[in-house]
Amino acid sequence: MPHAKTTPFAMPLPEALAHVDRVFGIDAILADEGTDILKPYYVQSEPGYKRVHSEKGCMHMALNPDGVYTADGYFAQIRDVAYQIRQVQGTSVLELGSGMGFNTIALAPDHPDVQFTGLDLMEHHVKTANKDAGHLPNATFRQGSYTDIPADLHGADVVFGLETLCYAEDLDAVAAQIAGAMAPGGRFVMYDGFRRADFDAAPEDVRTAARLFEVTTAVTGGFHMIEAWEAALTRAGLVVLRSEDLTDQSIAGMRYLHNRAAKFFRSWKYRVLKHVMPKYLIRNAVAGLVGPYMIEGAGPNSGDTMGAITYSVLMAEKPR
Ligand SMILES: C[S@@+](CC[C@H](N)C(=O)[O-])C[C@H]1O[C@@H](n2cnc3c(N)ncnc32)[C@H](O)[C@@H]1O
């Protein structure tokens, strides 16, 4: 893994888990596993995403292939989607879980002949996105769920979702919705976190880091395995064209957030925020702190590099 230029870990994993336990209680966080906290999490977290991510409204991980964090990394996934639009000469694009609109708002100006629609569960995200897209005649955002994609959005040449399909519960049902929304010959692209197929073989503290990350980002059912998504998309009639582990590229961004979070855990001045800020918002600091361990293992410096989670891309095509 290309660690040479990457910011080092702020502390070893046992110290990080001790910090989390002292400030929040590991058991108290994990008690939310299997419960539905999606809506309060996103209502409370919006200001946090706006502050911590350097790009306005961006709610996904940066990908920095050369191992140095830069905000340009937030556009890596978007450039891939743009490539797919060109490949199929698309005229309509549907973004699932479009959040505050960062991706579609970045894509729309470069593709004036393409109609973009973003679909998101959270009304306040849709409102923010529509406000920020006011100057774009070819981008609109709607409230709705990818578990029930409105029929008038069907026929999209490209359907994509960045770090949103981790929240899907019934993969077959959502895969069928995705396939139903795609035009024949259309492309589907998703970027997300996934549990590794050998998740259970990872060291216990690495699995604990992964579970803490999952719960504190509201993925309370745990990340899916990419193999499960591949199978569901295939059963829905799509042909998987690409399934690639990009974890290396997410390391720099994860470590950047980790070092910011470490400041919170180390300083009492920051820790008092826990008492004044909403619970799910402040718990994002846990995800920030433990993120690198779940993808890189307990300590790349000590040689223990077995992670439990990958950051990957999955792409599929709907046959004509
Ligand atoms: C981590 S954010 C990513 C937002 C956006 N894709 C981005 O890259 O900035 C996940 C988004 O998925 C949305 N979401 C979760 N479940 C959803 C569902 N069933 N249908 C539509 N959106 C959903 C959330 O409201 C949130 O905006």
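Just follow the structure's listing: the first ligand is 1, and inside any ligand the first atom is 1.
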Distances only, to 0.1 Å: what are the N or O pairs between ligand 1 and the protein that fall under 3.5 Å?
{"residue": "ligand 1", "atom": "6 (N)", "partner": "G97", "partner atom": "O", "Å": "2.8"}
{"residue": "ligand 1", "atom": "6 (N)", "partner": "L162", "partner atom": "O", "Å": "2.9"}
{"residue": "ligand 1", "atom": "8 (O)", "partner": "H60", "partner atom": "ND1", "Å": "2.7"}
{"residue": "ligand 1", "atom": "8 (O)", "partner": "N103", "partner atom": "ND2", "Å": "3.0"}
{"residue": "ligand 1", "atom": "9 (O)", "partner": "M59", "partner atom": "N", "Å": "2.9"}
{"residue": "ligand 1", "atom": "12 (O)", "partner": "T164", "partner atom": "OG1", "Å": "2.7"}
{"residue": "ligand 1", "atom": "14 (N)", "partner": "T164", "partner atom": "OG1", "Å": "3.4"}
{"residue": "ligand 1", "atom": "19 (N)", "partner": "S145", "partner atom": "OG", "Å": "3.0"}
{"residue": "ligand 1", "atom": "20 (N)", "partner": "Y146", "partner atom": "N", "Å": "3.1"}
{"residue": "ligand 1", "atom": "22 (N)", "partner": "L121", "partner atom": "N", "Å": "3.2"}
{"residue": "ligand 1", "atom": "25 (O)", "partner": "D120", "partner atom": "OD1", "Å": "2.7"}
{"residue": "ligand 1", "atom": "27 (O)", "partner": "D120", "partner atom": "OD1", "Å": "3.3"}
{"residue": "ligand 1", "atom": "27 (O)", "partner": "D120", "partner atom": "OD2", "Å": "2.7"}
{"residue": "ligand 1", "atom": "27 (O)", "partner": "H125", "partner atom": "ND1", "Å": "2.9"}

I need the full list of salt bridge (charged side-chain N to carboxylate O under 4.0 Å, His left out) pairs touching residues 160-185, with sequence neighbours left out, sorted by first then second residue.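 For residues 160-185: D172-R235.
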Would you say Y41 and N284 make side-chain contact, with heavy atoms under 4.5 Å?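 Yes - at least one pair of side-chain heavy atoms lies under 4.5 Å apart.
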Report the residues that fulfil side-chain contact (heavy atoms from CB on, under 4.5 Å) with A176, sequence neighbours left out, ordered by chain and then residue number.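 A176 satisfies side-chain contact (heavy atoms from CB on, under 4.5 Å) with no other residue.
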Only counting residues at least two apart or in another chain, list the ones meeting side-chain contact (heavy atoms from CB on, under 4.5 Å) with A316.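 For A316 the side-chain contact (heavy atoms from CB on, under 4.5 Å) partners, ignoring immediate neighbours, are F188, L233, L238.
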Are Y256 and N64 close enough that a side-chain donor and a side-chain acceptor fall under 3.5 Å?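 The answer is no; no qualifying pair exists.
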salt_bridge(R79, D72) N-O dist < 4.0 Å: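 Looking at R79 and D72, the cut-off is met.
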